A.B. asks: 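Pasting in a structure now, in structure tokens, and then I'll have a few things to ask.
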Amino acid sequence: MQEISEAIKAAVKDLFNVDVEPVLTRPDEQFGDFATNVALQLAKKLNKNPRVIAQQLADKIQSDTIAKTEVAGPGFINICLSDNYLIEQALDQKIAQPLKDQEILVEFGDPNPFKEMHIGHLYSSIVGDAISSLFEANGAEVRRVCYQGDVGLHVAKWLWGVHQELGWDDAAVAKLRDLPHTGIGYYYSLGAKAYEENTEAKTEIDVINTKVYSKEDPQLNKIYELGKRLSFDKFQDIFDLLGIAYKKQYLESQSVEIGLKYVKENTGKVFTHSQGAVIYEGEKVGLHTRVFVTSKGLPTYETKDLGLTELKNTDYPNAARSIIITANEQSEYFKVMLAALSEIDKPLADKTTHLAHGFLSLSSGKMSSRTGDVYGATNLLNLVQNEVKQQYPDTNPENETYLAAIKYAFLKHRLGSDVTVDIKESVSLQGNSGPYLQYAHARACSILAKSPLQGQSKLQGQTLQEGERGLVRKIGEYPEVIEKAAAELMPHHVCMYLYELAQTFNRFYENNKVIGDSRQAGRLQMVKAYADTLKNGLTLLNIPAPEKM
RNA sequence: GUACCCGUAGCUCAGCUGGAUAGAGCGUCGGCUUGCGGAGCCGAAGGUCGUAGGUUCGAAUCCUAUCGGGUACACCA
């Protein structure tokens with residue numbers, strides 16, 4: 001691909017003495033392997049007929065990777081690559097390493113202790129992990145981190161709820177310990193409800209909140225520590241299940257102090273006093289005002305997050321970028337936080353990016369929700385697992401098809417817009433699903449198992465037949481896709497590609513015999529390259545590619 | 001009210017640094033057993049790309065307005 005652009009660039013320079021960065025696209029197969037519209041872009045500048053320019057360029061472009069060039073339509077140049085080049089690209093895939101040696105922090109997931117982990121956290125986790133892997137595939141050193149709110153009003157609400165139902169004595173501690181992990185969120189909802197509806201409770205919760213920060217009540221601390229541990233154990237189980245390993249866990253209790261310090265140091269400059277609180281007036285940069293320190297003197301999420309950016313910066317001073325992935329409901333919030341940060345530490349703000357994903361909802365109307373917790377992460381995992389058992393009763397209980405289903409269902413959508421996931425469809429083994437791709441891989445592996453590859457490449461130097469060529473070409477696109485997905489922070493490109501790849505293979509396989517054919521050796525090599533590519537892509541998405549299903 | 005995100009086939013979504021007949025899957029209808037996993041393949045029907053303007057040789061893609069949906073907007077996270 002690089003060679004091709006260079007060749008075009010050189011030809012343009014040579015003919016017209018103009019510097020361009022030619023954009024190569026992948027056109028319909030009927031048109032060729034690459035297409036460029038440089039001639040159309042040059043037409044105006046040079047005041048010439050685009051087709052004439054295109055023809056001149058087409059004749060001029062020189063590269064031993066190109067078999068032929070053609071001018072088409074209003075002035076496209078279609079480029080047809082040589083079979084040898086295609087084979088080379090498919091067999092020896094090299095991802096350019098545009099992020100080589102860059103250290104990148106990626107924060108994602110961030111479920112809050114004392115609350116239930118919900119499907120939004122699951123989504124953020126899976127997406128964040130995939131983006132991290134994409135960075136790694138492009139050469140970066142990624143640090144996956146998460147950040148969790150172990151102090152704050154939600155904690156006080158939880159403690160209040162526990163106090164109501166169980167009390168805070170040692171008997172309560174014992175009961176709490178025996179509670180199923182999923183039950184944690186129950187006490188939070190008690191407190192959250194009371195906080196809204198009951199002014200007395202609100203006052204009590206506010207008092208508890210100050211105690212959480214001050215740690216002055218030993219019995220409260222005991223309950224608090226237990227709740228925190230139960231939450232983290234539960235989260236760990238889920239992350240283990242998903243195969244996500246964080247490099248570092250940050251807690252709000254750690255970011256409080258440094259955040260407050262920054263706010264204090266910059267009050268009067270960046271922050272101002274208003275009605276007893278310390279605020280950042282976002283209006284001055286076209287945003288909205290947010291409170292950083294409450295009139296009670298307690299830090300808000302804003303201050304803690306500010307502290308976190310500095311905390312990360314201390315731990316990873318050489319990081320080139322820092323990405324924070326959350327749902328898009330926090331987009332405006334992050335703009336304000338980052339605006340405040342950029343007044344304090346511009347370089348740090350500049351390398352920090354907030355990446356927002358949309359809301360995730362489930363379409364299956366009649367989901368059983370005995371717990372009333374339809375949107376709980378654990379509940380969703382169970383639902384999907386049950387769906388797999390139902391659709392495919394013979395499935396090996398050891399296999400993790402349901403995880404593949406759920407990850408792929410989340411990842412296949414472009415990041416940013418809201419997503420509706422249909423559990424039945426995500427699990428379905430037909431169509432664009434994780435299990436379909438796993439099956440496609442297993443199928444290819446079974447061909448290879450029957451007739452293993454032997455010796456050196458039989459493909460090089462061969463002239464490809466029509467069906468073969470399409471497959472080989474598609475396999476060779478893999479590196480481009482990985483680079484694009486990483487550059488755009490869009491893992492769905494990988495999903496789209498893998499699905500198209502599988503379709504291309506199935507078409508090839510339908511019409512071309514592999515084992516027993518006179519072209520067996522070369523075709524087996526294609527099957528191998530295909531299976532490897534599929535596996536690499538799935539692995540990048542943290543989806544296993546089993547050889548048998 | 002202000003800001004941000006989104007509106008593409010019955011449903012779920014690609015396509016958006018402007019370019020060649022707007023693509024998939026599901027669903028619907030119709031085909032394919034001698035050949036390696038049919039969890040597949042082939043075909044058909046189905047679209048005023050929310051609407052109206054504008055920029056352009058060219059707009060689903062950029063700009064403006066408008067309608068519709070979502071989210072956020074001072075002491076929660």
Side-chain angles (χ1 to χ4, degrees), chain A residues 21 23 25 27-28 30-31 35 37 40-41 43-44 50 72-76 78 110 112 115 149 152-157 192 195 209 252 274-283 286-296 298-302 304-305 326-333 335-336 356 358-359 363 391-392 409 412-414 416-422 424-426 428-433 435-436 438-440 442-451 488 492-493 495-496 499-500 502-503 505-517 520 523 527 548-549:
Chain A
E21 271 315 315
V23 180
T25 55
D28 263 19
Q30 49 166 322
F31 293 127
N37 62 355
L40 290 160
Q41 290 172 337
K44 197 168 207 175
F76 295 102
N78 290 328
D110 298 354
N112 273 329
K115 290 164 93 169
L153 200 55
H154 68 289
V155 180
K157 288 173 182 171
Y195 194 83
N209 194 21
E252 285 192 4
S274 173
Q275 299 169 32
V278 180
I279 63 164
Y280 177 76
E281 289 177 90
E283 282 77 7
L287 299 167
H288 64 271
T289 290
R290 296 197 73 103
V291 171
F292 276 66
V293 181
T294 69
S295 48
K296 291 190 181 66
L298 295 179
T300 60
Y301 186 47
E302 287 77 348
K304 294 178 235 176
D305 241 340
T326 76
N328 58 16
E329 60 184 342
Q330 296 194 19
S331 293
E332 294 300 286
Y333 157 75
K335 280 182 195 164
V336 177
F359 263 13
S363 74
Q391 285 196 28
Y392 200 59
K412 75 172 176 176
H413 300 105
R414 184 186 184 86
S417 54
D418 293 350
V419 164
T420 309
V421 168
D422 185 316
K424 272 200 163 49
E425 201 174 298
S426 72
S428 170
L429 306 151
Q430 308 168 7
N432 190 358
S433 76
Y436 167 90
Q438 289 188 312
Y439 177 74
R443 200 178 171 202
C445 287
S446 90
I447 301 166
L448 295 167
K450 283 200 173 67
S451 181
E488 293 183 8
H492 79 289
H493 288 307
C495 297
M496 291 299 151
Y499 184 61
E500 286 166 16
Q503 277 185 315
F505 177 78
N506 283 334
R507 244 166 250 150
F508 161 79
Y509 191 56
E510 198 72 20
N511 302 316
N512 301 79
K513 193 171 167 180
V514 175
I515 295 171
D517 191 87
Q520 169 171 326
R523 286 185 177 171
V527 176
K548 283 179 187 170
M549 281 179 83

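Computation of the quantities below employed the complete heavy-atom set of this structure, encompassing side-chain atoms and omitting hydrogens, waters and symmetry-equivalent molecules. Within every chain, numbering begins at 1; the chains are lettered A, B, ... in the order of the sequence lines, protein sequences first and strands thereafter. Every value quoted in this text rests on a predicted model; they were computed, and no experiment measured them.
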A.B. asks: I'd like to check the ring-ring contact (aromatic ring centres under 6.0 Å, His included) partners of Tyr436(A); sequence neighbours left out, ordered by chain and number.
C.D. replies: Tyr499(A)
A.B. asks: Enumerate all atom pairs, one protein N or O and one N or O from nucleotides 23-27 of chain B, separated by less than 3.5 Å.
C.D. replies:
{"residue": "G25(B)", "atom": "OP1", "partner": "Gln503(A)", "partner atom": "NE2", "Å": "3.4"}

A.B. asks: So how far is it from Thr326(A) OG1 to Asp110(A) CG, rounded to the nearest 0.5 Å?
C.D. replies: 8.5 Å
A.B. asks: Say we look at U34(B) and U21(B): how far apart would their C1' atoms be, to the nearest angstrom?
C.D. replies: 38 Å
A.B. asks: Specify the separation, in whole Å, of atom CG of Leu287(A) and atom C1' of A74(B).
C.D. replies: 15 Å
A.B. asks: Do NZ/NE/NH1/NH2 and the carboxylate oxygens of Glu332(A) and Lys335(A) come within less than 4.0 Å?
C.D. replies: yes
A.B. asks: Distance check needed: G10(B) P versus Asp422(A) CG, whole Å only.
C.D. replies: 18 Å
A.B. asks: Looking across every strand, which nucleic acid part, if any, lies under 4.0 Å from Ala442(A) by heavy atom: base, sugar-phosphate, or nothing?
C.D. replies: base
A.B. asks: Any N or O donor-acceptor pair linking the side chain of Asp110(A) to the base of A77(B) at under 3.5 Å?
C.D. replies: no
A.B. asks: For U8(B) and G68(B), measure between their C1' atoms and round to the nearest Å.
C.D. replies: 15 Å
A.B. asks: Distances for protein N/O vs nucleotides 64-72 of chain B N/O pairs under 3.5 angstrom?
C.D. replies:
none

A.B. asks: Check the interface with nucleotides 54-63 of chain B: list each N/O to N/O pair with the protein under 3.5 Å, or write none.
C.D. replies:
none

A.B. asks: Can you check whether Gly149(A)'s main-chain N or O pairs, donor with acceptor, with His154(A)'s side chain at less than 3.5 Å?
C.D. replies: yes
A.B. asks: So what does Ala440(A) hit on the nucleic acid, given a heavy-atom distance under 4.0 Å: a base, only sugar-phosphate, or nothing?
C.D. replies: nothing
A.B. asks: Would you indicate, yes or no, if G15(B) has its OP1 or OP2 atom less than 4.0 angstrom from a side-chain nitrogen or oxygen of His492(A)?
C.D. replies: yes
A.B. asks: To the nearest angstrom, how far is Tyr439(A) atom OH from A39(B) atom P?
C.D. replies: 5 Å
A.B. asks: How many angstroms lie between atom CD of Gln520(A) and atom NZ of Lys513(A), to the nearest 0.5 angstrom?
C.D. replies: 9.5 Å
A.B. asks: Base, sugar-phosphate or nothing for Ser331(A)? Non-hydrogen atoms, less than 4.0 Å.
C.D. replies: nothing
A.B. asks: Can you tell me how the ring of Phe505(A) sits relative to the ring of Phe508(A), calling it parallel under 30°, perpendicular over 60° and tilted otherwise?
C.D. replies: tilted
A.B. asks: Calculate the interatomic distance between Phe505(A) atom CZ and A39(B) atom P; express it in whole Å.
C.D. replies: 15 Å
A.B. asks: Would you please indicate if the ring centroids of Tyr301(A) and Tyr333(A) are separated by under 6.0 Å?
C.D. replies: yes
A.B. asks: Report which part of the nucleic acid Gln30(A) touches: base, sugar-phosphate, or nothing (heavy-atom distance under 4.0 Å, all strands).
C.D. replies: base
A.B. asks: What I want to check is whether the side chains of Ser433(A) and Glu425(A) have a donor and an acceptor closer together than 3.5 Å.
C.D. replies: no
A.B. asks: How many angstroms lie between CG in Asn432(A) and SG in Cys495(A), if you round to the nearest 0.5 Å?
C.D. replies: 7.5 Å
A.B. asks: Name the nucleic acid region contacted by Pro50(A), choosing base, sugar-phosphate or nothing; use a 4.0 angstrom heavy-atom cut-off, strictly under.
C.D. replies: nothing
A.B. asks: Drop me the distance from Leu298(A)'s CG to Leu153(A)'s CG, to the nearest 0.5 angstrom.
C.D. replies: 9.0 Å
A.B. asks: Between Val419(A) and Lys157(A), name the one whose nearest nucleotide on RNA chain B is closer to the 5' end.
C.D. replies: Val419(A)
A.B. asks: Quickly work out the His413(A) NE2 to A14(B) C1' distance and round it to whole Å.
C.D. replies: 10 Å
A.B. asks: To the nearest 0.5 Å, how far apart are CG in Asp305(A) and CD in Glu252(A)?
C.D. replies: 7.5 Å
A.B. asks: Within this structure, what is the CE-CG distance for the pair Met549(A) and Leu429(A), rounded to the nearest 0.5 Å?
C.D. replies: 6.5 Å
A.B. asks: With Watson-Crick and G-U wobble geometry limited to distances under 3.5 Å, how should the secondary structure of RNA chain B be encoded in dot-bracket form, using | for bases paired to another strand and [ ] for crossing pairs?
C.D. replies: (((((((..((((.....[...)))).(((((.......))))).....(((((..]....))))))))))))....
A.B. asks: For A3(B) and Lys335(A) - does any side-chain N or O of the residue sit under 4.0 Å from the phosphate oxygens OP1/OP2?
C.D. replies: no
A.B. asks: So does Gln330(A) have more than 12 non-hydrogen atoms from other groups sitting under 6.0 Å from CD?
C.D. replies: yes
A.B. asks: Suppose you measure atom P in U66(B) against the same atom in U71(B); what distance do you get, rounded to whole Å?
C.D. replies: 22 Å
A.B. asks: Scan Lys304(A) against the nucleic acid and name what it touches under 4.0 Å (heavy atoms): base, sugar-phosphate only, or nothing.
C.D. replies: sugar-phosphate
A.B. asks: Check whether any side-chain nitrogen or oxygen of Arg414(A) sits under 4.0 Å from OP1 or OP2 of G15(B), and answer yes or no.
C.D. replies: yes
A.B. asks: Using only heavy-atom distances, decide whether a donor-acceptor pair under 3.5 angstrom links the side-chain of Ser274(A) to the base of A74(B).
C.D. replies: yes
A.B. asks: Short question: side chain of Asp418(A), backbone of Phe359(A) - any donor-acceptor pair under 3.5 Å?
C.D. replies: yes
A.B. asks: How far apart are the closest heavy atoms of Ala444(A) and Val527(A), and which atoms are they?
C.D. replies: O-CG1, 3.8 Å
A.B. asks: If I pick the C1' atom on G10(B) and the same atom on A45(B), what distance separates them, to the nearest angstrom?
C.D. replies: 12 Å
A.B. asks: Looking only at heavy atoms, what is the nearest atom pair of Ile447(A) and Ile515(A), with distance?
C.D. replies: O-CD1, 3.8 Å
A.B. asks: Please tabulate, one pair per line, each protein N/O and nucleotide N/O from nucleotides 32-36 of chain B that are separated by under 3.5 Å, including the distance.
C.D. replies:
{"residue": "G35(B)", "atom": "N2", "partner": "Glu510(A)", "partner atom": "O", "Å": "2.8"}
{"residue": "C36(B)", "atom": "O3'", "partner": "Lys450(A)", "partner atom": "NZ", "Å": "3.2"}
{"residue": "C36(B)", "atom": "N1", "partner": "Tyr509(A)", "partner atom": "OH", "Å": "3.4"}
{"residue": "C36(B)", "atom": "O2", "partner": "Ile515(A)", "partner atom": "N", "Å": "3.3"}
{"residue": "C36(B)", "atom": "N3", "partner": "Val514(A)", "partner atom": "N", "Å": "3.2"}
{"residue": "C36(B)", "atom": "N4", "partner": "Tyr509(A)", "partner atom": "O", "Å": "3.3"}
{"residue": "C36(B)", "atom": "N4", "partner": "Asn512(A)", "partner atom": "O", "Å": "3.0"}

A.B. asks: Regarding Val278(A), tell me which of base, sugar-phosphate or nothing describes its non-hydrogen contacts under 4.0 Å with the strands shown.
C.D. replies: nothing
A.B. asks: Can you tell me, in whole Å, how much space there is between the C1' of U56(B) and that of G23(B)?
C.D. replies: 25 Å
A.B. asks: What interatomic distance, in whole Å, is found between P of G58(B) and the corresponding atom of C73(B)?
C.D. replies: 44 Å
A.B. asks: Between A22(B) and C5(B), how many Å separate the two C1' atoms, rounded to a whole number?
C.D. replies: 24 Å
A.B. asks: What is the nucleic acid contact for Tyr436(A), judged by heavy atoms within less than 4.0 Å: base, sugar-phosphate only, or nothing?
C.D. replies: sugar-phosphate
A.B. asks: Testing the 3.5 Å rule here: is there a donor-acceptor pair between the side chains of Thr300(A) and Glu302(A)?
C.D. replies: yes
A.B. asks: Taking G47(B) as the reference, what is the distance to U2(B) when you measure between their C1' atoms (whole Å, please)?
C.D. replies: 35 Å
A.B. asks: Identify the heavy atoms of Asn78(A) and Ala72(A) that sit nearest to each other, and give their distance.
C.D. replies: ND2-CB, 3.5 Å
A.B. asks: Rounded to the nearest Å, what distance is computed from the CZ atom of residue Phe76(A) to the C1' atom of nucleotide U21(B)?
C.D. replies: 12 Å
A.B. asks: At their closest point, which heavy atom of Ser426(A) faces which heavy atom of Ala409(A), and how far apart are they?
C.D. replies: CB-CB, 3.5 Å
A.B. asks: Whole angstrom is fine here: how far is it from NE2 in His493(A) over to C1' in C16(B)?
C.D. replies: 10 Å
A.B. asks: Tell me the interatomic distance from Phe292(A), atom CZ, to C75(B), atom P, rounded to whole angstroms.
C.D. replies: 14 Å
